Amino acid sequence: KIIMAEKSVFNRLLIALQARVLDQVADTPDEPGIRNIDRDLGQIDNYTTRPQMAGGANLFIDFPNTDYTQRQLKTQLANIDVLLRLAFDPWGSSSSLSPEDVRQKTLIYFEIEHRLVLALQDWTADGLLVLPMKRIAAVSEKREGDRLSVRQLLFKCQFVDYF
């Protein structure tokens, strides 16, 4: 008899993602990183008071699409999209006319994104995933009015869902 998991795969994956990212890419006094991780509920899209982003980045996670294929008995193979939105305040100018130290400080968020990808690429969420996470796209959001910089990272992975 197949025994169902006590918690949703999405619940377990979100919690595992939070732990992995905070372990690998956390904001520290010595190195900027990710300060907060939450489900993406539109926190940076719909607000009356602009969210605080001082210091490190904020990461918002969503599972926007999952395709299921029926397997034997009561199991389905799930191909899941994991959308990560990395949001931060620009710290300064990246213009070639700016001093090198200002540009390096401003561009630190590309380094945070790189560390995030290194932490998640080929990760299996401690055995939860049957095919590990693979980055398939990275896009900058064009935003008006709030001066937030937001990068979208799309990963794909696979798990088996038991009923």
Side-chain angles (χ1 to χ4, degrees), residues 2-28 31-47 50-90 107-143 146-163:
I2 296 174
I3 299 173
M4 292 186 343
E6 290 183 21
K7 294 184 180 176
S8 159
V9 170
F10 298 101
N11 181 11
R12 293 183 290 155
L13 184 54
L14 178 66
I15 290 169
L17 279 163
Q18 289 173 324
R20 174 74 173 189
V21 171
L22 289 176
D23 181 57
Q24 302 285 315
V25 197
D27 190 47
T28 67
E31 185 172 31
I34 295 173
R35 297 181 73 156
N36 181 46
I37 305 167
D38 199 356
R39 287 181 46 220
D40 192 344
L41 302 172
Q43 296 92 320
I44 58 173
D45 299 318
N46 305 305
Y47 56 83
R50 187 177 176 284
Q52 292 296 318
M53 298 284 168
N58 287 271
L59 183 65
F60 300 96
I61 301 172
D62 192 16
F63 308 111
N65 187 50
T66 305
D67 296 319
Y68 294 91
T69 304
Q70 190 66 40
R71 294 179 71 192
Q72 60 189 346
L73 300 172
K74 293 184 175 186
T75 63
Q76 289 183 320
L77 186 62
N79 293 299
I80 183 171
D81 291 347
V82 180
L83 180 61
L84 307 176
R85 293 175 74 206
L86 190 60
F88 52 90
D89 269 326
L107 297 174
I108 194 69
Y109 289 102
F110 286 120
E111 297 306 318
I112 294 171
E113 177 182 335
H114 180 69
R115 289 173 43 217
L116 178 60
V117 170
L118 290 176
L120 298 180
Q121 184 72 15
D122 293 321
W123 180 62
T124 62
D126 302 323
L128 179 62
L129 304 174
V130 293
L131 285 180
M133 293 187 66
K134 299 286 186 187
R135 178 182 57 181
I136 62 164
V139 178
S140 292
E141 289 184 19
K142 301 297 180 199
R143 301 177 62 89
D146 64 8
R147 286 193 31 89
L148 286 178
S149 291
V150 179
R151 291 280 291 168
Q152 292 184 15
L153 304 172
L154 182 61
F155 284 79
K156 285 199 176 279
C157 57
Q158 201 172 74
F159 63 89
V160 177
D161 209 359
Y162 300 96
F163 299 95

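Computed from heavy atoms alone, side chains included, the values below leave out hydrogens, waters and symmetry copies. Along the sequence shown, the residues carry numbers beginning at 1. This one's a predicted model, so the numbers in the text were calculated from it and none came from an experiment.
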Asks: Rounded at 0.5 Å granularity, tell me how far CZ in Phe155 sits from CD1 in Ile136.
Replies: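 Result: 10.0 Å between the selected atoms.
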Asks: Name all residues meeting the salt bridge (charged side-chain N to carboxylate O under 4.0 Å, His left out) criterion together with Arg143; count only those two or more places apart in sequence or in a different chain, and write none if there are none.
Replies: Asp45, Glu141, Asp146
Asks: Heavy atoms only: give me the nearest Phe63-Ile80 pair and the separation to one decimal.
Replies: CD2-CD1, 3.6 Å
Asks: Rounded to the nearest 0.5 Å, what separates atom CD in Gln18 from atom CZ in Arg39?
Replies: 10.5 Å
Asks: In sequence, state the C-alpha distance, the side-chain angles, and the governing distance for Gln152 and Leu83, and then conclude on side-chain contact (heavy atoms from CB on, under 4.5 Å).
Replies: CA-CA 7 Å; Gln152 292 184 15; Leu83 180 61; 4.0 Å; yes
Asks: With heavy-atom distances below 4.5 Å as the criterion, would you say the side chains of Gln158 and Leu77 are in contact?
Replies: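 Yes, their side chains come closer than 4.5 Å.
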Asks: Nearest 0.5 Å, what's the CG-CZ distance between Leu59 and Arg151?
Replies: 13.0 Å
Asks: Looking only at non-hydrogen atoms, find the nearest pair between Asp40 and Asp62 and report the distance.
Replies: CB-CB, 4.1 Å
Asks: Taking atom CZ of Phe159 and atom CG of Leu131, what is their separation to the nearest 0.5 Å?
Replies: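 Phe159 CZ to Leu131 CG: 12.0 Å, rounded to 0.5 Å.
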Asks: Does atom OH of Tyr68 have more than 12 heavy-atom neighbours from other groups under 6.0 Å away?
Replies: yes
Asks: Apply side-chain contact (heavy atoms from CB on, under 4.5 Å) to residues Ile108 and Phe88 and explain how you reach the verdict.
Replies: CA-CA 11 Å; Ile108 194 69; Phe88 52 90; over 6 Å; no
Asks: State, yes or no, whether a side-chain contact exists between Lys134 and Gln121 at a heavy-atom distance under 4.5 Å.
Replies: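 They are in contact (side-chain heavy atoms under 4.5 Å apart), so the answer is yes.
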Asks: Checking side-chain contact (heavy atoms from CB on, under 4.5 Å) between Leu84 and each of Leu154, Val21, Leu120, which is the one that passes?
Replies: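 Going through the options one by one, the only one that passes is Leu120.
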Asks: May I ask you to decide if Arg115's main-chain N or O and Gln24's side chain share a donor-acceptor pair within less than 3.5 Å?
Replies: no
Asks: Got a donor-acceptor contact below 3.5 angstrom from the Gln70 side chain to the Thr75 backbone?
Replies: yes
Asks: Between Val82 and Leu17, is any pair of side-chain heavy atoms under 4.5 Å apart?
Replies: yes
Asks: Rounded to the nearest 0.5 Å, what's the gap from CG on Asp122 to CG on Leu129? Could you check?
Replies: 11.5 Å
Asks: With no hydrogens and no angle check, is any side-chain donor or acceptor of Arg20 less than 3.5 Å from a backbone partner on Ala119?
Replies: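 Side chain of Arg20 to backbone of Ala119, a donor-acceptor pair under 3.5 Å: yes, one is there.
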Asks: Please find the pair of heavy atoms, one from Ala78 and one from Thr66, that lie closest to each other, and give the distance.
Replies: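 Taking every non-hydrogen atom into account, CB-CG2, 3.9 Å.
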Asks: For Ile112 and Pro32, work out which heavy atoms get closest and say how close.
Replies: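 Closest heavy-atom pair between Ile112 and Pro32: CG1-O, 3.7 Å.
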Asks: Tell me, do Leu86 and Ile34 make a side-chain contact under 4.5 Å, heavy atoms counted?
Replies: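 Heavy-atom side-chain distance check passes, below 4.5 Å.
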Asks: What's the spacing between Cys157 SG and Arg135 CZ if we round to 0.5 Å?
Replies: 15.0 Å
Asks: Please report the closest heavy-atom contact between Leu153 and Leu116, naming both atoms and the distance.
Replies: CD1-CD2, 3.6 Å
